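Order of appearance sets the numbers: ligands from 1, and atoms from 1 within every ligand. The structure displayed is predicted, hence computed values, not measured ones. Residue indices begin at 1 and follow the sequence shown.
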Amino acid sequence: MALPKINPENTNAWNALKAHFNTLKDTHLKDLFTTNPDRAKELSLTWNDFFVDYSKNRINTETKKLLLDLANEVKLKDAINAYFSGDIINETEGRAVLHTALRSKKTSIAKVDGENVIPEVYQVREQIKAFTHAVVSGEKKGYTGKAFTDVVNIGIGGSDLGPVMVTEALQYYKNHLKTHFVSNVDGDHVQEVIKELNPETTLFVIVSKSFTTQETLSNAETIKEWFLQTATQKDVALHFAAVSTNTKMIDQFGIADENVFPMWDWVGGRFSLWSAVGLSISLAIGYTNFEALLDGAQEMDSHFKDAALEDNLPVILGLLTVWYNNFFGADTEAVIPYTQYLHRLPAYLQQGIMESNGKSVDRFGNATTYQTGNIVWGEPGTNSQHAFFQLIHQGTKLIPADFIGYKRSLHGKTDHHNKLMANFFAQTEALMNGKTFTEVTTELKAQGLEENEINKLAPFKVFEGNKPTTTILIDQLTPKSLGALVALYEHRIFVQGVIWNIFSYDQWGVELGKQLAKTILKDIENSEITKHDTSTMQLLQKFKN
Ligand code: F6P
């Protein structure tokens with residue numbers, strides 16, 4: 001079954017939400033709490049070791065009901081079934097979307113073109129396991145007989161962001177191998193990484209779903225050239241591994257067959273960390289931890305597939321985005337993890353969310369008449385509090401924010417963790433409550449200020465509050481809970497794409513820039529510049545001179 005095609009604006013729920021928005025838009029969150037003492041309990045969900053409190057959002061019971069009506073009217077349940085069944089829901093590329101199969105139980109069935117793909121998935125998982133064991137134990141050696149000490153992941157986009165985000169996030173679980181990531185085609189990036197490496201003890205993993213990506217192939221060639229300054233061509237087979245759907249191109253690079261890890265076109269690049277694209281994760285934290293990451297994601301998959309819409313975390317969070325994006329007109333959302341380990345999560349989510357839902361044509365092929373993809377950004381707390389929080393508190397824009405925090409830290413530094421979490425809770429409270437004129441003047445009076453000074457200062461010190469936040473409180477940062485968290489956001493992206501009636505799993509917009517870069521590269525390398533607009537011509541001339 002294809003995804004249902006329903007224009008959300010034509011649903012009864014959308015129109016009811018529009019009317020409802022007018023009745024609620026000026027209501028302060030504080031008043032919503034005053035009028036309903038059970039609000040916190042009613043608008044929160046417990047799932048495994050997650051507690052999600054979404055009561056500090058500008059919704060009431062009626063909003064929730066109407067958003068769920070919208071989900072029903074666009075047939076979200078049918079869409080979820082089509083997604084998990086391996087149907088061709090990526091219609092513009094003619095592909096299924098089955099990253100969920102990568103973390104499915106061994107006994108489950110996921111069919112693509114009538115074939116169950118689970119046995120193949122598990123075959124590759126066995127290959128990852130054996131390879132990881134051989135490298136981590138030192139059994140697998142480099143060309144001078146030394147064990148590997150360093151692993152370099154060469155890839156970009158989904159072939160980089162997932163591995164780097166997870167490896168950083170799970171640093172606490174890391175073994176002795178040092179992991180490095182080369183992504184940008186900027187030669188200074190690869191050079192800075194190479195300068196720390198010893199070719200005798202470094203393993204390179206080239207990750208590219210297509211194996212045609214300019215950045216990755218250039219970096220792989222540069223690294224190979226550097227490697228061959230001390231080693232020979234036959235040593236390439238010992239030091240290089242590759243992950244791709246394009247095994248023909250890998251052959252040409254000289255990679256040994258046993259170091260080639262297949263992937264499949266039904267796995268989108270930005271959802272691929274669960275496949276062999278995550279090889280550098282497995283190498284960094286060991287296969288058992290990698291498997292736990294997959295298990296966590298699998299549990300979230302089951303929740304998303306089976307839970308009723310009103311108790312379903314990705315559904316509720318996805319609907320909240322639609323509420324702010326389409327009714328409040330909020331353009332952006334912040335994701336603030338209160339752990340330094342998740343410092344790459346916002347960058348990772350930017351690709352997942354913005355490459356997926358940055359679309360302006362609906363599933364009928366028509367231009368959408370409503371807003372789609374939300375912009376996402378963020379940085380860990382408490383650093384972000386000292387950077388951009390001012391604008392969230394007192395700026396003119398509405399920026400809903402997700403706060404992600406953990407009950408327990410990993411190193412057990414209770415004093416630090418209590419301070420960190422005090423900030424975590426304080427910020428969402430401050431964003432909601434703000435500070436009234438009366439509170440400000442009372443405070444200034446207590447500080448001994450004169451009335452005229454108080455009147456002058458007070459307007460600047462008033463915080464309107466009423467800024468929405470969602471709190472995701474998790475027991476501890478483990479491979480399993482991280483897997484579940486990432487899967488939660490993946491499914492949230494799906495929910496939003498279904499509501500907006502767009503195709504979330506292609507990325508044609510990225511292709512145009514790639515094509516033009518090829519033409520411009522020729523202009524840079526050749527003496528003649530071909531025809532461009534006058535601004536581009538002028539810039540190219542300046543660059544070449
Ligand atoms: O940016 C476009 C894109 O196709 C991403 O979707 C993908 O993750 C990235 O390029 C890298 O592609 P590949 O893994 O084929 O090298």
Side-chain angles (χ1 to χ4, degrees), residues 89-99 102 124 128 152-167 181-186 189-190 204-224 240-253 255 259-281 344-359 373 375-376 486 489-490 493-494 497 502-518 521:
I89 63 164
N90 175 2
E91 273 185 44
T92 62
E93 294 182 331
R95 292 171 183 167
V97 177
L98 265 183
H99 45 275
L102 300 167
V124 178
I128 299 171
V152 181
N153 187 90
I154 310 166
I156 196 163
S159 299
D160 166 72
L161 286 164
V164 73
M165 182 277 285
V166 173
T167 307
F181 294 85
V182 176
S183 51
N184 200 325
V185 74
D186 177 358
H189 185 193
V190 61
F204 301 97
V205 186
I206 309 171
V207 187
S208 176
K209 182 179 165 186
S210 59
F211 225 77
T212 57
T213 304
Q214 185 196 50
E215 290 91 335
T216 303
L217 296 188
S218 302
N219 284 327
E221 286 299 342
T222 300
I223 284 176
K224 187 168 147 188
F240 285 77
V243 183
S244 185
T245 52
N246 190 348
T247 38
K248 209 168 89 209
M249 291 289 287
I250 299 178
D251 271 0
Q252 291 167 16
F253 196 88
I255 292 170
N259 293 352
V260 174
F261 294 78
M263 63 181 292
W264 305 274
D265 69 4
W266 40 263
V267 181
R270 50 192 174 275
F271 305 101
S272 64
L273 71 88
W274 325 97
S275 70
V277 168
L279 183 62
S280 54
I281 303 173
R344 294 293 284 161
L345 182 70
Y348 170 77
L349 292 178
Q350 279 174 337
Q351 189 201 12
I353 295 171
M354 291 156 74
E355 199 166 83
S356 300
N357 286 337
K359 310 288 164 61
I375 299 164
V376 66
V486 175
Y489 277 94
E490 284 182 347
I493 293 167
F494 175 81
I502 53 174
F503 289 119
S504 301
Y505 298 99
D506 58 20
Q507 56 287 313
W508 300 107
V510 192
E511 302 305 321
L512 175 64
K514 286 189 195 170
Q515 282 163 16
L516 285 182
K518 282 189 192 145
L521 181 60

Checking Ser275 against Ser272 for the side chain to side chain donor-acceptor pair (under 3.5 Å) test, could you report, in this order, the C-alpha distance in whole Å, the side-chain angles of both residues, the deciding distance, and whether it holds? CA-CA 6 Å; Ser275 70; Ser272 64; 4.8 Å; no
Would you kindly say whether Thr92 and Trp508 are connected by a side-chain donor-acceptor distance under 3.5 Å? yes
Starting from atom 3 (C) of ligand 1, which protein heavy atom do you reach first, and at what distance in Å? Lys514 NZ, 4.1 Å
Atom 15 (O) of ligand 1: closest protein heavy atom, distance to 0.1 Å, is Ser210 OG, 2.6 Å
Heavy-atom distance under 4.5 Å between the side chains of Phe181 and Ile156, does that happen here? no
What part of Glu215 sits under 4.0 Å from ligand 1 if we count only heavy atoms: the side chain, the backbone, both or neither? neither
Within 45 degrees of the ring normal and closer than 6.0 Å to the centroid, is that where the cationic atom of Lys224 sits relative to Phe253? yes
Taking 4.0 angstrom as the limit and counting only heavy atoms of Gly158, give me the atoms of ligand 1 inside it, by number and element. 7 (C), 8 (O)
Among all protein heavy atoms, pick out the one at the shortest distance from atom 12 (O) of ligand 1; state its residue, atom name and that distance to 0.1 Å. Thr213 OG1, 3.5 Å
Any heavy atom of Gln351 sitting closer than 4.0 Å to ligand 1? yes
Between the side chains of Glu490 and Trp274, does any donor sit under 3.5 Å from an acceptor? yes
Between Asp506 and Arg95, does at least one N-O distance fall below 4.0 Å, as a salt bridge requires? no
For atom 5 (C) of ligand 1, which protein heavy atom lies nearest, and how many Å away is it? Glu355 OE1, 3.4 Å
Pull out every atom of ligand 1 sitting under 4.0 Å from any heavy atom of Ile156, numbered as shown with elements. 9 (C), 11 (C)
